[in-house]
Asker: 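Take a look at the following structure, please.
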Amino acid sequence: MKELLSKLNDAQREAVLYCDGPLLILAGAGSGKTRVLTHKVLYLIKEHNIDPLDILAVTFTNKAASEMKERIRALINVPTWDLWVNTFHAACMRILREHYETLGYTKNFVIYDDSDAKRLIKQCLIDCDIDPDQFKPKAVKNAIGRAKNNLISAEKMQSNAMTIFDKSIASVYVLYQKTMQQNDAMDFGDIIFNAVTLLQNHPEILKSYHEKFKYILVDEYQDTNHAQYTLLKLLAKKRKMICVVGDDDQSIYKFRGANIKNILNFEKDYKGVTTIKLEQNYRSTKCILDAAYSVIKHNRTRKDKKLFTENAHGEKIKCHNTRDEIEEARYVLSEIKWMNEGGKHSFKDVAVFFRTNAQCRVFEEEFFKGGIPYITVGGIEFYSRAEIKDMIAYLKIASGSNDIVSIKRSLLRPRRGIGKVTLDKVEKVMVENSTDLFSAIDIICDSSQLGAGAKKKLKEYVTLVETLRDDAKTLSIGNLVTRIYNASGYKEMLEKDTSDENIDRINNVNEFIAGAFQFEENAPDGDVSMYLDFIALVSSADKLDGDDNKVSLITLHKAKGLEYPIVFMTGMEEGIFPHANSMHEKEELEEERRLCYVGITRAKEKLFMTHASSRRQYNMPSFQRPSRFIDDIPDELITGKSKKSVFATASVRQGQRSFTNKDRDKFNKRSFHEDPHGQKFQKKVVNTFFKESPSGSAYKVGKSYLHPVFGKGKVTRVEGSTGNEKLTLFFPKAGEKKIMAKYVQLVPC
DNA sequence: ACGCCAGGTATTTTT
DNA sequence: TACCTGGCGT
């Protein structure tokens, strides 16, 4: 322990050692905050004899949580699965799983993701006689989410509503909650809301957690919303053993309800707070740090502070203007290639940041063509693919849930001769008898409302569910998913048609199955509910795999907490960054500026900023001006700042695209989706593939290749476009096989 | 019952 | 450029 402490600077050490009351650590970017947190955990365990399981540590992202767990495990060997080191949502889920019955839920309650929630809200809008075209489901969902973040219940909202608008929203909110409760379901907002409600209304339960949690640590405190703030206040009320870490300059989640006042007022909220500032930056060059300060200093609502570093001044920031977004991507690509070929940096050292997910596309296209391996973080998520959502729906039902969204999904796919008409009838019976769907099926099958054919089909479905529920009691999770895939007819459905899209789907399901088996391994005592929670709460943006040598393409929001030697901040244009929707209100602009600060401070050695003069937006070219954030950086810290932007001549380059976006999509779906444990699926996708495109197919009839499973084989047929080849090979050992070249690493021999 | 196609529309950031 | 929806044809 002593040696460990000696490696910290004075402020860091003080932060680790102080354990006598509430502690606020103001930790600037790159000041070794995670290090302090993990050492503090270790210190509590070693020197204060606290059981590791009695420490609650909450973070915002799974990435941060798993990193912390990993670091704790490196210091002391404890099984990380049981540790209360979690995101807010996961920690609350754990509490709720221990007390579901108190809230009127059953042990089978499920989590709705955003799209489930949106779908249900749309239904509620219709049921409330509100036109979903006037009140957009998404907007209503946001309003409800906001209410939950502020701990406003549906009833409270209804009684507070003054305007017709508010009343409409409130009535939808009431119906939505009622339906959610009926379906035994919670959305993201409910998880926190219900945990707080539970602790507020049940002092004896709160007391049990007071006794349990000897110390509470909170990361990214500046991003807490009111509900999370209240949760912490409740849990810390008795012992006041709470340590929060944050940086007001890095608060970027106001849109999600984060309240920067939580950190600014921490000293008022808790008596006798000790505040420690970590101001030495160990990450970035002096130049980068100064540039970050030159941007952030324009904000009015912040505690003034300036980080310092002992690092070298480093190279100036390189600013570059291009004609359009395609040139921008090509510029980034050429810089990366140049650095890589010089042997100075590997691909994984590099990150490309952008403000919106939509900007990612062009980079993917150009990187794909240019043969630079990349990973995208975010964008279309693995778990939101239809086939995966279908499998999850089956899994929810098998686990015992009567969630109607899942039942409908599984009832309709694969096609089993039951359609909208039959389903409507069943649902009507369900409402009339106020019962669940399975009982409704029983009732309707005893009546004369349906033809014999439809009845038979429904009964078959019920039998399927019963079988799967029995299986769920005996099979392991991986085996259960496999059983579902086979027994539901889903596999048959997918294998019937061999279109490229379907091959993708088959692959995705196989990845999902592999993930389930892996979960089994990681969490030996986990059950199906835990696995479902895990899927719902662990977004794919977990962990960037360090040993994958790929460039990261990532939004600025997701980049928070990460660091890279080389960073490209792209789309530095007015309207993009700062975003057009956030340019006019002062508060929102300040948040954009903080986002910029976050972006700059991710860079360790070298920072690039690019902006295009013209950019296609909504399929229309629009002329762009460089971002005001570039102007904030003084000339001595940046080169290439253009006085005038280079406007594009309207030459069109569409014809040059050698592959369509559809190809790109397919490629991506297959290649770069992570499994639930942070590793990338499909490691098989190899660089040899990149090198071949786009100049003609590498696969020729008559050539021999080594297949990882089938051994040596000879190509008898090549179909499909370059990079998308469908090969027919003859293997002496395995016979003739059709193979999508990109799935498998084929070694010429 | 169910698949397909055309046409309209939406695009910030996420647990 | 995407997705979604609603209408139509099988």
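So that the names make sense, note that chain A is the first sequence line, chain B the second, and so on, each numbered from 1.
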Asker: Check the distance between dT12(B)'s C1' and Lys254(A)'s NZ and give it to me in whole angstrom.
Answerer: 14 Å
Asker: Give a yes or no on whether a salt bridge exists between Asp223(A) and Arg256(A), defined as a side-chain N under 4.0 angstrom from a carboxylate O.
Answerer: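 Salt bridge flag = no for Arg256(A) with Asp223(A).
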Asker: Taking atom C1' of dT15(B) as reference, at what distance in whole Å does atom CZ of Phe188(A) sit?
Answerer: 6 Å
Asker: Could you work out, with ring-ring contact (aromatic ring centres under 6.0 Å, His included) as the rule, every residue matching Phe188(A), not counting sequence neighbours?
Answerer: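 With neighbours one apart ignored, the set is His89(A).
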Asker: Output all residues satisfying ring-ring contact (aromatic ring centres under 6.0 Å, His included) with Phe88(A), sequence neighbours left out; order by chain, then residue number.
Answerer: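 Once residues adjacent in sequence are excluded, the partners of Phe88(A) under the ring-ring contact (aromatic ring centres under 6.0 Å, His included) criterion are Phe60(A).
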Asker: Using the P atoms only, state how far dC4(C) lies from dT13(B), rounded to an integer number of Å.
Answerer: 16 Å
Asker: Between dT15(B), dT11(B), dT14(B), which one does the side chain of Phe255(A) approach most closely?
Answerer: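 For the Phe255(A) side chain, the nearest candidate turns out to be dT14(B).
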Asker: What's the CD-C1' distance between Glu588(A) and dT13(B), to the nearest Å?
Answerer: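 Glu588(A) atom CD is separated from dT13(B) atom C1' by 11 Å.
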Asker: Nucleotides 5-9 of chain C: which of its N/O atoms have a protein N/O under 3.5 Å away?
Answerer:
from	atom 1	to	atom 2	distance (Å)
dT5(C)	OP1	Lys122(A)	NZ	3.1

Asker: To the nearest angstrom, how far is Asp187(A) atom CG from dT14(B) atom C1'?
Answerer: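 Computing the Asp187(A):CG to dT14(B):C1' distance gives 14 Å.
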Asker: If I take atom NZ in residue Lys141(A) and atom P in nucleotide dT13(B), what distance separates them, rounded to the nearest angstrom?
Answerer: 12 Å
Asker: What nucleotide among dT13(B), dT15(B), dT11(B) has an atom nearest to a side-chain atom of His557(A)?
Answerer: dT13(B)
Asker: Please determine if a side-chain N or O atom of Thr555(A) lies less than 4.0 Å away from the OP1 or OP2 oxygen of dT14(B).
Answerer: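 For dT14(B), OP1/OP2 do have a side-chain N/O of Thr555(A) under 4.0 Å.
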Asker: Under 4.0 Å from any atom of DNA chain B, heavy atoms only: list the residues of residues 567-580 of chain A that qualify, in numerical order.
Answerer: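 Result for residues 567-580 of chain A: His579(A), sorted by number.
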Asker: List the residues meeting side-chain hydrogen bond (donor to acceptor under 3.5 Å, both in side chains) with Asp190(A), not counting sequence neighbours, and say none if there are none.
Answerer: Lys148(A), Gln177(A)
Asker: Verify the contact: side-chain N or O of Asn357(A) to OP1 or OP2 of dT12(B), cut-off strictly under 4.0 Å; return yes or no.
Answerer: no
Asker: Rounding to a whole Å, what distance do you find between His584(A):NE2 and dT12(B):C1'?
Answerer: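 Result: 14 Å.
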Asker: Of the listed nucleotides (dT11(B), dT15(B), dT14(B)), which one gets closest to any side-chain atom of His89(A)?
Answerer: dT15(B)
Asker: For Asn194(A), check side-chain hydrogen bond (donor to acceptor under 3.5 Å, both in side chains) against everything at least two apart and list the hits.
Answerer: none
Asker: Measure the distance from CG on Leu589(A) to P on dT12(B) and round it to the nearest whole Å.
Answerer: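 Distance check: Leu589(A) CG to dT12(B) P gives 18 Å.
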Asker: Using the test side-chain contact (heavy atoms from CB on, under 4.5 Å), find all partners of Thr570(A) that sit at least two apart in sequence or belong to another chain.
Answerer: Glu328(A), Val332(A), Val352(A), Phe354(A), Gln359(A), Phe363(A), Phe568(A), Thr610(A)
Asker: Does Asp247(A) have any side-chain hydrogen bond (donor to acceptor under 3.5 Å, both in side chains) partners at least two apart in sequence or in another chain, and if so, which?
Answerer: Gln250(A)
Asker: Tell me, for nucleotides 1-8 of chain B in 5' to 3' order, what letter each nucleotide earns: B for a base near a protein heavy atom under 4.0 Å, S for only sugar-phosphate near one, - for neither?
Answerer: SSS-----
Asker: Has Arg146(A) got its NZ or CZ under 6.0 Å from the middle of the six-membered ring of Phe255(A), at an angle within 45 degrees of the ring axis?
Answerer: no
Asker: Nearest whole angstrom, please: distance from the C1' of dT15(B) to the CG of Asp190(A).
Answerer: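 In whole Å, dT15(B) C1' lies 13 Å from Asp190(A) CG.
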Asker: When all nucleic acid strands are considered with a 4.0 Å heavy-atom cut-off, which category describes Phe88(A): base, sugar-phosphate, or nothing?
Answerer: nothing
Asker: Holding to side-chain hydrogen bond (donor to acceptor under 3.5 Å, both in side chains), I want the full list of residues that pass it with Glu573(A), two or more places apart in sequence or in another chain.
Answerer: Arg615(A), Gln624(A)
Asker: Is the shortest side-chain heavy-atom distance between Asn357(A) and Thr555(A) below 4.5 Å?
Answerer: yes
Asker: With sequence neighbours excluded, tell me which residues meet ring-ring contact (aromatic ring centres under 6.0 Å, His included) with Phe577(A).
Answerer: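 If we apply the ring-ring contact (aromatic ring centres under 6.0 Å, His included) test to Phe577(A), skipping adjacent residues, the hits are Phe629(A).
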Asker: Under 4.0 Å from OP1 or OP2 of dA2(C): is there any side-chain N or O of Arg361(A) that close?
Answerer: yes
Asker: List the residues meeting ring-ring contact (aromatic ring centres under 6.0 Å, His included) with Tyr490(A), not counting sequence neighbours, and say none if there are none.
Answerer: none
